[in-house]
Amino acid sequence: MLRLHDTSSGALQPVEPTTGPFTMYVCGITPYDATHLGHAATYVTFDLVQRQVRDRGHAVRYVQNVTDVDDPLFERADRDGVDFRDLARREVALFREDMTALAVLPPDAYVGVEESMDGIVEKILALWDAGQAYPLPVPGESSVDVYLDLATEPEFGQVSGWTREEMLAVFADRGGDPDRPGKRDRLDPLLWRGARAGEPTWDGGRLGSGRPGWHIECTAITIDHLGMPFDLKGGGTDLVFPHHEMSAAQAYGLGGGAVFARHYAHQAMVAYEGEKMSKSKGNLVLVSRLRHEGIDPMAIRLVLLAQHYRRDWEYTPSLRADAQDRLARWRAALSGNVAPAPQEAVDGIRACLADDLDSAGALAVVDAWADRALAGEGEDPTAAGVLARTLDALLGVRV
Ligand code: 5CA
Ligand code: ZN
């Protein structure tokens, strides 16, 4: 059984489905800038999950959104004098190229906001009609903003397990508006942003024109593409609160208190130059830049796999050098005619990954086999082929 640390319960839990395909939703990019190593860490982590689940014989249904309607995208498009849709298309194409280079298996559905607008509007109206949402007039405009009324969602708080103080401490920094006059609770999340002069808007039917808030985007896309409950919701730890907490609160409301995600897993933050790597701060190590510098994408993947997904870490060029050395050793070990029998290593890789994705442990297993092969041990002529296929299938490392 694959076991993962579940954010919501704080415990290791088996995540495999009992019937039907494994259903997984991972929060996708906001496509206004290129993929950095933090994004790549998140998508490689959930790629390992997908590979583990498939290795156990289950089908996987994997959905990822693209936040292609959001302020940072509009602001960057304005700054650069381009249409926001063109910017999003360009960055999504680059993201997919980066993911392909890193051997990340693509999601089955890759879903944008604009194409999901009807489903999102329908969910907001359902919450409103059920008395779980309320309007606030937009000052100086004829439109309304619509907020979720958290007082109607008793399950709120279960994903993060945070206190109200902890929530309020980060809410404003993570897209919330605690000081908006008229809100019933400072933490109530925005469901619909009514039209404002100079901003792109969409027809929201009875909501009037405007655009959806961020959290309802992921709630609606999840429900419309996976239903609920589904098996695993993922993203970086920066999304635990408010994004995943609010997405779940809205879904509980829509489902009459039904379970949204059975499990939550989160990738720890990758830092660079002392701070979380983020597009807004600009301290980025871009996957595309490393690729253009001629770094083998498999070495980039090995940089990520050498870290446990639940520990924050900071990128340094020496980690890249280590990964390049490792890749070269593996390639050398796999190029011999005979080598040590592979089964123990194959079992070891599987066991490490099944244990909360201990990818660093799995690399150590391969290192040990490679050391023996390079020392001239072993007589097995099929070993290199078996191990190369295992590395490809389980770790996504193509030697
Ligand atoms: N579009 C939203 C999610 S709906 C978003 O957070 N987009 S993002 O482009 O900012 O991030 C994409 C994914 O990468 C998210 O899952 C996020 O949690 C993750 N991520 C962002 N920065 C880092 C980082 N420094 N380390 C690890 N993961 C990160
Ligand atoms: Zn999301």
Side-chain angles (χ1 to χ4, degrees), residues 7 24-47 49 62-76 87-88 91-92 94-96 98-99 102 104 107 109-113 116 120 159-160 170 173-175 189 212-226 230 232-251 260-261 264-287 303-304 307-315:
T7 309
M24 167 163 109
Y25 184 96
V26 178
C27 279
I29 56 163
T30 307
Y32 70 96
D33 207 339
T35 319
H36 60 63
L37 283 182
H39 305 133
T42 291
Y43 300 115
V44 164
T45 287
F46 291 96
D47 186 55
V49 172
Y62 177 13
V63 176
Q64 200 180 108
N65 68 305
V66 190
T67 308
D68 55 5
V69 170
D70 203 4
D71 289 319
L73 183 68
F74 302 151
E75 285 160 15
R76 181 64 62 93
L87 173 61
E91 295 301 340
V92 165
L94 180 59
F95 170 69
R96 300 185 76 157
D98 287 336
M99 291 300 109
L102 293 178
V104 171
Y110 195 51
V111 191
V113 178
S116 309
I120 298 173
V159 175
S160 65
V170 304
D173 279 346
R174 296 186 180 179
W214 173 30
H215 317 304
I216 194 70
E217 158 196 348
C218 280
T219 307
I221 293 174
T222 306
I223 292 174
D224 288 346
H225 289 264
L226 292 178
F230 63 103
L232 181 68
K233 168 120 183 170
T237 51
D238 56 340
L239 301 185
V240 173
F241 184 87
H243 186 51
H244 289 178
E245 192 73 77
M246 299 302 184
S247 301
Q250 292 155 358
F260 183 44
Y264 289 86
H266 290 98
Q267 161 69 44
M269 289 296 106
V270 180
Y272 186 53
E273 296 174 336
E275 272 192 288
K276 171 192 164 187
M277 200 178 282
S278 77
K279 287 182 277 208
S280 52
K281 291 196 200 98
N283 56 335
L284 306 178
V285 180
L286 301 180
V287 172
V303 168
L304 306 172
Q307 310 292 329
H308 193 269
Y309 82 96
R310 288 216 289 131
R311 252 193 319 273
D312 291 342
W313 58 281
E314 177 158 350
Y315 175 76

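Counting starts at 1 for both ligands and their atoms, in listed order. Predicted model, so just to flag it, every value in this text is computed and none were measured.
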Note the single closest protein heavy atom to atom 9 (O) of ligand 1, along with its residue, its atom name and the distance in Å.
Lys279 NZ, 2.9 Å
Mark up the atoms of ligand 1 that fall under 4.0 Å of a heavy atom belonging to Lys276, in ascending order.
22 (N), 25 (N)
Less than 4.0 Å is my threshold; does some heavy atom of Cys218 fall inside it relative to ligand 1?
yes
If you measure from each heavy atom of Gly28 to ligand 1, is any distance below 4.0 Å?
yes
Protein contact of atom 4 (S) of ligand 1 - nearest heavy atom, named by residue and atom, plus distance:
Trp214 NE1, 3.1 Å
Does any donor atom in the side chain of Thr67 or Glu217 lie under 3.5 Å from an acceptor atom in the other side chain?
yes
Considering only non-hydrogen protein atoms, determine which one is nearest to atom 27 (C) of ligand 1 and report residue, atom name and distance to 0.1 Å.
Gly38 O, 3.2 Å
Give a yes or no on whether a salt bridge exists between Asp33 and Arg76, defined as a side-chain N under 4.0 angstrom from a carboxylate O.
yes
For the 3.5 Å polar cut-off, considering only N or O atoms, please tell me whether Glu217 and ligand 1 meet it.
no
Would you call Gly234 a ligand 1 contact, heavy-atom distance under 4.0 Å?
no
Judged by non-hydrogen atoms, does His243 sit under 4.0 Å from ligand 1?
yes
Do Tyr32 and Asp70 make a side-chain contact, defined as non-hydrogen atoms from C-beta onward lying under 4.5 Å apart?
no
Can you list the protein N, O or S atoms less than 2.8 Å from the Zn ion (ligand 2)?
Cys27 SG, Cys218 SG, His243 NE2
Taking every heavy atom of Glu314 against every heavy atom of Tyr272, the minimum-distance pair comes out as OE2-C, 3.9 Å
Which residue owns the protein heavy atom closest to atom 15 (C) of ligand 1, what's the atom, and how far is it?
Leu239 CD1, 3.8 Å
Donor-acceptor pair, distance only, cut-off 3.5 Å: does the side chain of Asn283 make one with the backbone of Glu275?
yes
Taking the side chain as C-beta and beyond, is there a heavy-atom pair between Ser278 and Met269 under 4.5 Å?
no
Would you mind checking which non-hydrogen protein atom is closest to atom 14 (O) of ligand 1, with the distance to 0.1 Å?
His39 CD2, 3.4 Å
Pair Tyr25, Tyr62 - check ring-ring contact (aromatic ring centres under 6.0 Å, His included), show working.
CA-CA 6 Å; Tyr25 184 96; Tyr62 177 13; 8.7 Å; no
Return the closest protein heavy atom for atom 12 (C) of ligand 1 as residue, atom name and distance.
Tyr43 OH, 3.3 Å
Is a donor on one side and an acceptor on the other found under 3.5 Å between the side chain of Asp68 and the backbone of Thr30?
no
